[in-house]
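Written out below as structure tokens is the structure these notes cover.
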Amino acid sequence: MSSERPVRRYNTILGLVITLLCASAAAVAQEATPTADDVAAEVTKQPIDDKAGPATVADKVQVDPINSDERIENRLQEILEATGWFTGSEVRVDRGVAFLSGVADTEKHQLWAEATAMKTSDVVAVVNRMRIADRPFWNFAPALQSMKDLAHEATSLLPLVLVAAIVVIVGYYLARLAALVTRKLTGRSIDSQLLQQVAGNVVGVLIFIVAFYIALRVSGLTRLAVTLLGGTGLVGLAIGFAFRDIAENYLASILISLNHPFRVGDLIEVGDVGGKGAMGYVRRVTMRGTILSTLEGNQIQLPNSTVYKGMVTNYTATPLSRLDFSVGVGFEDSIGEAQDLIMRVLTQHEAVVSEPPPMVLVESLGSATVNLKVFYWFDLTKNSGLKVGSSIIRQVKQSLTAAGITMPDEARELVFPHGVPVQISELPTADVLKPPMAASPKPKPQTSEAAINHGEDDLKTERTDVLKATDGDETIEGETNLIG
């Protein structure tokens with residue numbers, strides 16, 4: 001037992017010494033391990049130049065190379081010269097490390113030379129010292145090459161574009177045919193021409209969009225087709241702002257067609273148009289606007305949005321219309337008698353209706369006359385307000401004059417700033433006392449006024465004349481009328 005204890009102690013001490021020696025050797029080995037650049041510098045006996053480009057090292061280095069450095073140099077040199085991409089190219093191989101120098105025309109070819117050298121058998125590292133050739137200031141080669149590539153791509157796409165064009169043309173005619181059939185089918189259940197046209201346009205546009213999408217897919221523009229079909233919010237917003245007025249007029253035309261606030265031939269007045277009202281007979285309502293013919297024979301085109309949002313007065317919607325005028329009689333005349341005379345003219349006139357009855361009212365007391373206001377109703381669809389008013393005023397004046405009722409002018413005050421000279425003539429006393437005899441005026445024979453004379457021609461409405469005068473307007477030919 002006593003002899004085994006020294007042996008155990010000796011073995012323990014020996015193990016500790018061996019462990020310390022192994023740890024020291026590992027530390028020394030770790031401090032002496034070189035990097036990839038240090039290996040390349042040691043192999044080539046040259047320092048690594050950072051400006052010459054990175055050194056590419058093989059993943060696995062062979063211990064016994066088969067090819068010699070000279071054979072590797074010759075092979076790489078032949079490859080670089082065969083490409084024609086390099087100027088002054090030179091390859092030098094030293095113990096498996098390939099040094100490339102010269103001028104490459106592009107960066108892409110510079111990297112290609114490095115990769116080719118690295119893939120050569122028995123090359124352990126590549127130091128790429130090649131420079132890239134400076135591009136001239138005026139170098140059109142890239143632009144010409146791009147144009148050539150574009151021309152080549154365009155030529156290869158010509159058959160596809162031709163087929164796509166045929167698809168678009170066929171789709172266009174199919175869309176028109178579908179729109180026509182849709183209008184005829186909807187015409188059986190919908191009376192509004194505008195709704196028929198809208199339904200046809202919707203079907204036609206959908207078919208044309210599908211055909212256009214197919215044409216884009218055939219031509220290879222799939223991404224553009226998806227973008228066109230899906231759309232983007234920005235494009236939709238821009239189109240909405242650009243075509244806001246057009247869409248507003250289009251929607252207003254639909255509402256006018258559905259509501260029928262007026263019809264063709266109605267006499268209407270639209271307010272708030274340029275600060276004043278526009279009055280005329282309705283000629284046509286199109287997708288773009290409402291067309292009126294004024295009493296003067298002029299044409300007015302109003303946007304449908306303005307007509308729909310503005311104040312529209314339809315004089316033809318109700319056949320009866322009321323007109324009025326004023327007349328002044330003298331203070332010394334009987335007001336009741338004047339009213340009876342005017343009422344007799346109104347009740348006997350052929351254009352004045354009895355219901356509602358006409359009225360003759362005292363309006364005001366003027367400085368020299370008693371002013372009467374005359375109201376009467378007439379049928380606007382049969383008679384003209386201008387002609388009826390002229391006829392009635394003419395007969396009222398003649399009736400009052402025949403009855404001896406005066407219609408004096410407004411009193412005027414005459415001012416003489418320098419006074420009025422008075423001259424007294426010397427006459428006999430008898431002549432002074434005897435008033436002069438005033439010559440009595442001869443009464444004019446009173447003649448009755450006819451209800452219609454040559455100046456007024458007839459009392460019919462001027463609607464037929466206005467529409468006939470503007471019937472030859474070529475600016476609205478071919479426009480679809482949306483109202484009856």
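Bear in mind that the values here come from a model prediction, so they are computed numbers and not experimental data. Just the heavy atoms: all of them, side chains too, but no hydrogens, waters or symmetry mates, feed the values below.
Within the 4.5 Å cutoff, no side-chain heavy atoms of L162 are placed close to those of L158. You'll find the side chain of F208 reaches within 4.5 Å of the side chain of V168, heavy atoms only. Residues D122 and I72 are in side-chain contact: their nearest non-hydrogen atoms beyond the backbone lie under 4.5 Å apart. Using a 4.5 Å heavy-atom threshold, the side chains of F262 and L267 count as separate. T401 places a side-chain heavy atom less than 4.5 Å from the side chain of M407. Counting heavy atoms from C-beta on, the side chains of L100 and V127 never come closer than 4.5 Å. The closest side-chain heavy-atom distance from L76 to S89 is not below 4.5 Å.
Put simply, the side chain of E337 never gets that close to the backbone of L400: no donor and acceptor are under 3.5 Å apart. Not a single donor-acceptor pair under 3.5 Å links the side chain of E90 to the backbone N or O of S101. Remark: side-chain polar atoms of N314 are paired, donor with acceptor, to backbone N or O of P261 under 3.5 angstrom. For the pair S354 (side chain) and P357 (backbone), a donor-acceptor distance under 3.5 Å is absent. A donor-acceptor pair is defined here as one N or O able to donate and one able to accept, closer than 3.5 Å; no such pair exists between the side chain of S399 and the backbone of Q395. In terms of modelled atom types and a separation under 3.5 Å, the side chain of N304 and the main chain of T286 share a donor-acceptor contact. No side-chain donor-acceptor contact under 3.5 Å links S390 to the backbone of K387. Panel note: side chain Q110, backbone M130; a donor-acceptor pair is recorded below 3.5 Å.
Heavy-atom minimum distance, G330 versus P408: N-CD, 3.5 Å. Taking every heavy atom of both residues into account, A211 and G171 meet most closely at CB-CA, 3.6 Å. Taking all atoms of both residues into account, the shortest heavy-atom contact from V123 to A98 is CG1-CB, 4.2 Å. Scanning all heavy atoms of the two residues, the minimum distance from R283 to S293 falls at CG-OG, 3.0 Å. Nearest heavy atoms, L341 versus A403: CD1-CB, 3.4 Å. In terms of heavy-atom proximity, F86 sits nearest to A113 at CZ-CB, 3.6 Å.
We find the CG-CG distance between L380 and L320 to be 9.0 Å, quoted to the nearest 0.5 Å. Rounding to the nearest 0.5 Å places OG1 of T406 at 4.0 Å from CD of E332. A distance of 8.5 Å separates CG of L177 from CD1 of I207, quoted to the nearest 0.5 Å. Residue T87 holds its OG1 atom at 11.5 Å from CG of L80, rounded to the nearest 0.5 Å. Note that CE of M118 is 14.5 Å distant from CG of L111, once rounded to the nearest 0.5 Å. K309 contributes atom NZ, which lies 12.0 Å from atom CG of L255 (distance to the nearest 0.5 angstrom).
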Test side-chain contact (heavy atoms from CB on, under 4.5 Å) applied to Y308 and L251, step by step: CA-CA 10 Å; Y308 185 76; L251 181 59; over 6 Å; no

message: Does L346 form a side-chain contact (heavy atoms from CB on, under 4.5 Å) with V360? I'd like the steps, not just the answer.
response: CA-CA 10 Å; L346 295 176; V360 181; 4.1 Å; yes

query: Could you walk me through whether V370 and D333 pass the side-chain contact (heavy atoms from CB on, under 4.5 Å) check?
result: CA-CA 9 Å; V370 177; D333 298 317; over 6 Å; no

message: Show, in sequence, the C-alpha distance, side-chain angles and deciding distance for V388 and L323, and conclude whether the side-chain contact (heavy atoms from CB on, under 4.5 Å) test is met.
response: CA-CA 9 Å; V388 172; L323 293 180; 5.6 Å; no

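Using modelled atom types, one finds no donor on one side chain facing an acceptor on the other under 3.5 Å when comparing H109 with T83. With no hydrogens or angles considered, no side-chain donor-acceptor pair links N371 and S326 at under 3.5 Å.
The aromatic rings of F378 and Y376 lie tilted to each other, with the angle between the two planes from 30° to 60°.
Within a 6.0 Å sphere centred on CD of E107, heavy atoms belonging to other residues, nucleotides or ligands number 12 at most. Summarising the local packing, NZ of K397 is surrounded by 12 or fewer heavy atoms from other residues, nucleotides or ligands at distances under 6.0 Å.
For the side chain to side chain contact (heavy atoms under 4.5 Å, CB included) test with I268, the passing option among T313, L292, V307, T316 is L292; the others fail.
Residue pairs meeting the side-chain hydrogen bond (donor to acceptor under 3.5 Å, both in side chains) criterion with at least one member in residues 169-185, sequence neighbours excluded: R183-N201.
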